[in-house]
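Sequence lines set the chain letters: A, B, ... in the order given, protein chains first and strands last, and positions in each chain run from 1.
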Amino acid sequence: MAEKITPRDKDYSQWYLDVIKSAKLADHSPVRGCMIIRPNGYALWENMQAGLDGMFKETGHQNAYFPIFIPQSFLAKEAEHVEGFAKECAVVTHSRLMLDDEHGLIPDPDSKLEENLIVRPTSETIIWHTYSRWIQSWRDLPILLNQWANVVRWEMRTRLFLRTMEFLWQEGHTAHATEEEAVEETLTILDVYSKFAEEYMAVPVIRGIKTASERFAGAVDTYCIEALMQDGKSLQAGTSHFLGQNFAKAFDCQFQNKNNELEYVWATSWGVSTRLIGALIMVHSDDKGLVLPPKLAPTQVALIPIYRKDEERVSVLEVASRIESELKAAGIRVFVDDRDAFRPGWKFNEYEVQGVPVRLALGPRDVEGATVEVARRDTGEKTTVNQSDLTAHIQELLETIQQGLFDKALAERESRTTEVDSYDEFKTVLDEKGGFVRMHWDGTAETESQIKEETKATIRCIPLEDYDEDGIDPVSGKPSKGRVYYARAY
RNA sequence: CGGGGUGUAGCGCAGCUCGGUUAGCGCAUCUGCUUUGGGAGCAGAGGGUCGCAGGUUCGAAUCCUGCCACCCCGACCA
């Protein structure tokens, strides 16, 4: 691909799309708002799934699968839930097509369904319908399930990975006997999400709770992790909801507790999606293309053999293959690109654009001196390493890169987080610097929506850490219990 | 749904104002030779119902009418 990537400071959105395109992560589909996830993108998703899935299982969850179609009547049962999702549902009304002389292929009017089916925008309704049949006693609780699935939300404006009409995600749905246990579950998952974001994705996150206006439709409380992108905008990277007894009441899901009383079941739901890939791109990548953290990179090390004559080819490939075995034995995901159809320079560029953390070059000079050229994707730094030290060196380097990416992202976020005590300063910071702005909030929806209207900034969250501090909301002049995180967001 | 714009090769575009004979350019693709330590060079080749449907005309990518699709801004978006 001879395509140039638009620099970030010229056009950030275009840069984002260029990175995705040149790293071959995804394509636009013939259907507006949908995306084709290409092998490079899907491999990344598989690594994310593997990491998260392991953590879910460690915390006692099991996977299950519920159907993609939900009876329309189910969606009507929880009032706030309907309001939140009704405007963005794909509806199935017919079961077959027929050939019409005038119009060609049309839905067969005779096949109209008795009840419309909704393509799930999320699965609370069908799952709580099911739970109401599974749960009778406190002995049936808790239920700790997760499912990996696709969902559809008919969005007006879409962007690859960040907001698509169909996306892949995991959704956890748990049922508990007590409020305390459900709240604890919500927070356990928030921990899992922050740990995953920070340790695997190398993306630092703010953990917090959403205000009423940003809350999930049907939740009592929505906890979230928020990450700051390089353009100073915030991205909600994961949410964990305490649903109270709302869905249990809507689906009549009661159990007999230890006191022999009937009680509604307490619920949580939580999810992260392919949007995480968008976050990953926007936090680490640069004007040369994708930059991936080693823990999630499908290929951690790309080895490029260099040769001219046939006898060089033989000797170089022999060493390359030995290095490949050694690295693989150490659990490193290495790929030897011995394709003759492409030249070394082209390959160097290819792996840079695709974000492979470490590139090795091995030519006749190296074979002679028993060395390898090692290049880092994140810093561009090149060194020459003795073949005998290579495996240990790479292992250490991958950890260094992983940590380096996190440290850099954290430093960036900290430098872009500003505490302000006046509305004027708030606006100035937002326009000139972007990022998170920590300001006192009086806790009212009025102030929140006034600020949103005037500045397009929203309260990303009320943070769980560093919150308690009495003060005054500079917009309303009313007392405040602490500083919240404001930002313009995706 | 309101405002603006665009449909010509896989992708990006020119040509349209002022109709004319074989519709062109860049990238990509294919073949051959030379190349290979940072996106190779040269030579040749393949690839098009000009968004769709009508109309005007000897003749339409070009003019007229209708339709369709997509994009941008706004509205909307847990």
Tell me which nucleotide among [options] gets nearest to the side chain of [X].
X        : options             : result
A:Asp366 : B:C77, B:G37, B:G38 : B:G37
A:Arg365 : B:C77, B:G37, B:G38 : B:G37
A:Lys456 : B:C77, B:U36, B:G74 : B:G74
A:Glu155 : B:G38, B:G37, B:C77 : B:C77
A:Phe348 : B:G38, B:G39, B:C77 : B:G38
A:Arg308 : B:G37, B:G39, B:U36 : B:U36
A:Asn349 : B:G38, B:A40, B:G37 : B:G38
A:Arg163 : B:G38, B:C77, B:G37 : B:C77
A:Arg359 : B:C77, B:G38, B:G39 : B:G38

Could you tell me the Watson-Crick or G-U partner of [N], where both distances fall under 3.5 Å? Say none if there is no partner.
N     : result
B:A69 : B:U6
B:C11 : B:G26
B:G37 : none

Once you apply a heavy-atom cut-off of 4.0 Å, does [X] come out as touching a base, just sugar-phosphate, or nothing?
X        : answer
A:Arg215 : sugar-phosphate
A:Lys288 : nothing
A:Gly84  : nothing
A:Glu80  : nothing
A:Phe342 : nothing

Map A:Val372 and A:Thr239 onto RNA chain B by nearest heavy atom, then report which one ends up closer to the 5' terminus. A:Val372

Send over the distance from [X] [atom1] to [N] [atom2], rounded to a whole Å.
X        : N     : atom1 : atom2 : value
A:Asp27  : B:C11 : CG    : P     : 11 Å
A:Lys347 : B:A40 : NZ    : P     : 11 Å
A:Tyr351 : B:G37 : OH    : P     : 15 Å
A:Leu317 : B:U36 : CG    : P     : 17 Å
A:Asp337 : B:U36 : CG    : P     : 18 Å

Could you tell me whether the side chain of A:Phe66 reaches within less than 4.5 Å of the side chain of A:His173, counting heavy atoms only? no

Ionic contact status for A:Asp18 with A:Arg8, cut-off 4.0 Å: no

With a 4.0 Å cut-off on N to O distance, would you call A:Glu350 and A:Arg359 a salt bridge? no

Modelled atom types, side-chain donor and acceptor of A:Asp231 and A:Tyr16, under 3.5 Å: no

Sticking with atom [atom1], work out how far [N] lies from [M], rounded to a whole angstrom.
N     : M     : atom1 : value
B:C16 : B:G3  : C1'   : 25 Å
B:C50 : B:G4  : P     : 29 Å
B:A14 : B:A23 : C1'   : 11 Å
B:U22 : B:C64 : P     : 25 Å
B:C13 : B:U8  : P     : 9 Å

List the steps, then state whether side chain to side chain contact (heavy atoms under 4.5 Å, CB included) holds for A:Ile459 with A:Glu214. CA-CA 8 Å; A:Ile459 299 178; A:Glu214 300 274 327; 5.9 Å; no

Hey, do the aromatic rings of A:His61 and A:Trp270 have their centres closer than 6.0 Å? yes

